[in-house]
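Predicted, not measured: the structure shown is a model, and the values here were computed from it.
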2 protein chains.
Amino acid sequence: MNDKVKEDVYPSMTVADSQNEVRAVNTVAIGAQLKAIRTKNKLTLEEASKRTGLARSTLSKIENEQISPTFTVMQKLATGLDIELPQLFTKPQAIQATGRRDVTLAGQGRSHLTSTYEHELLATQISNKKMMPYKSRVHARSFDDFGEWVRHQGEEYLLVLDGEVQLLTEFYEPVNLAAGDSVYYDATMGHLVVSVSEEDALILWVTAK
Amino acid sequence: MNDKVKEDVYPSMTVADSQNEVRAVNTVAIGAQLKAIRTKNKLTLEEASKRTGLARSTLSKIENEQISPTFTVMQKLATGLDIELPQLFTKPQAIQATGRRDVTLAGQGRSHLTSTYEHELLATQISNKKMMPYKSRVHARSFDDFGEWVRHQGEEYLLVLDGEVQLLTEFYEPVNLAAGDSVYYDATMGHLVVSVSEEDALILWVTAK
DNA sequence: GAACAAAGTTTCCTATTGGAAACTTTTATG
DNA sequence: CATAAAAGTTTCCAATAGGAAACTTTGTTC
């Protein structure tokens, strides 16, 4: 399982931090990678040659690890094959949630309480994931319930599921959001959400570092 | 690969693809980058040479853009200087949605239609974002409406907003999800969502590469 | 299963990289 | 500001990358 400790600070901060660990780029044989990309796109060496401006023989040799391409050549490969350069030596996707699936039925998430929010953490069975989704019931009614801005690494997506909230941010005017409305923002910018409806509002939050 | 063709085929692929552009790694002169890294670490060419196992002269020439290093050399640079390889040709990786915020009111997203889904793309004003949120009305009723698995880079979070759907995945038993239920999964694993309620179901999808 | 075409590999050669050492520039020190 | 040491650059050459064309393998058609 994932985070045990910092759970108590700012929930969303916890959330973001729990993802800190990963993201190392383990480089991999460039030849196999290139061949995989080319064949996946159903290109012959000849066609790849045309697109990249490199000789057929050169491509063959790279694919068979007979030579180590120069950076210049790698750039030609990337632009010619319309891929990002790191794709040439990066595993298709470092193991994050590989082949995994985690269902969270309504109300079955792991709950986490603070004075301002009541969080229901979702998909907690999968660690190392890129996104951290959770539903929150918003108790807070004003900035003062927090005392200061909430701020943390990453980006956040927020969808109002029920009720109406107001999103306060450091650089923008407050904005009211009703059920169905959503907002995407940089979480390093001070932000908080308060409820402005009769009952506490319910929102979905997804954070990514 | 650049075939714009599949636009109509796999909706989520389309969506994922639309992030490809955004995530663009604009490569940058490798020499200046290397020099910046070396000097920032207060290393002389001699010291850098020791660490990387490359000749002083080679380093000098790379820094001055007199030669284009081979991939092998780039790997030695990365391991020797204890950096990630892409750092050699990638700008410091600025924060993506820095200080930005994008509100999407209910029903105001950019729509995108396919035979199986009706997508409403959200937060389209912010480019370069880590997550791609969209609401989808699910028309599909069976696997055959797709013909084959949907598969793409990244991870996906799915929350059922209305109705009931069935999530079919390559490695798991199908699972039924009603409003409020959600699931997180590796999108490289074949997956699709079909509606099992009277009317088309409405879901929220958030993808991260 | 010939005969041919298409895709992929290897050879051969030229151009360029990478290392050792000579050379130049910068910095430190009296 | 002369001198020495350290840092950086350039030269020279051997090793290797990259391109053109020959060659081999795989696939297609009759």
In whole Å, I'd like the distance from the [atom1] atom of [X] to the [atom2] atom of [N].
{"X": "A:Phe71", "N": "C:dG18", "atom1": "CZ", "atom2": "P", "result": "13 Å"}
{"X": "A:Lys42", "N": "C:dA7", "atom1": "NZ", "atom2": "P", "result": "14 Å"}
{"X": "B:Gln75", "N": "C:dG18", "atom1": "CD", "atom2": "P", "result": "13 Å"}
{"X": "B:Lys35", "N": "D:dA7", "atom1": "NZ", "atom2": "P", "result": "14 Å"}
{"X": "B:Leu59", "N": "C:dT17", "atom1": "CG", "atom2": "C1'", "result": "13 Å"}

field: Contacts of type side chain to side chain contact (heavy atoms under 4.5 Å, CB included), residue A:Thr79, not counting sequence neighbours
entry: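 In terms of side chain to side chain contact (heavy atoms under 4.5 Å, CB included), with neighbours along the sequence ignored, A:Thr79 is linked to no residue.
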
- request: Would you mind checking if B:Lys50 and B:Glu46 are paired as a salt bridge, meaning a charged N to carboxylate O distance below 4.0 Å?
  value: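 Judged by the 4.0 Å cut-off on N to carboxylate O distance, B:Glu46 and B:Lys50 do form a salt bridge.
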
Ion pair check, B:Arg141 and B:Asp200, cut-off under 4.0 Å: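 Yes.
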
- prompt: Between the side chains of A:Ser136 and A:His119, does any donor sit under 3.5 Å from an acceptor?
  reply: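 The answer is yes; a qualifying pair exists.
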
Could you list the donor-acceptor pairs under 3.5 angstrom formed between side-chain atoms of residues 174-183 of chain B and any protein atom two or more places apart in sequence or on another chain?
{"residue": "B:Asn176", "atom": "OD1", "partner": "B:Gln166", "partner atom": "NE2", "Å": "3.0"}
{"residue": "B:Asn176", "atom": "ND2", "partner": "B:Glu164", "partner atom": "OE2", "Å": "3.4"}
{"residue": "B:Asp181", "atom": "OD1", "partner": "A:Ala106", "partner atom": "N", "Å": "2.6"}
{"residue": "B:Asp181", "atom": "OD2", "partner": "B:Ala178", "partner atom": "N", "Å": "2.8"}
{"residue": "B:Ser182", "atom": "OG", "partner": "B:Tyr157", "partner atom": "OH", "Å": "3.1"}

query: Does OP1 or OP2 of C:dA7 have a side-chain N or O of A:Arg38 closer than 4.0 Å?
result: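 Checking A:Arg38 against C:dA7: no side-chain N or O falls below 4.0 Å of OP1 or OP2.
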
task: Determine the interplanar angle of the B:Tyr134 and B:Trp205 rings, folded into 0 to 90°, and report it as parallel if under 30°, tilted if 30 to 60°, perpendicular if over 60°.
output: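 Tilted, since the angle between the ring planes falls between 30° and 60°.
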
message: One character per nucleotide, please: for nucleotides 12-25 of chain D, 5' to 3', B when the base has a protein heavy atom closer than 4.0 Å, S when only the sugar-phosphate does, - otherwise.
response: -----SBBBBB---

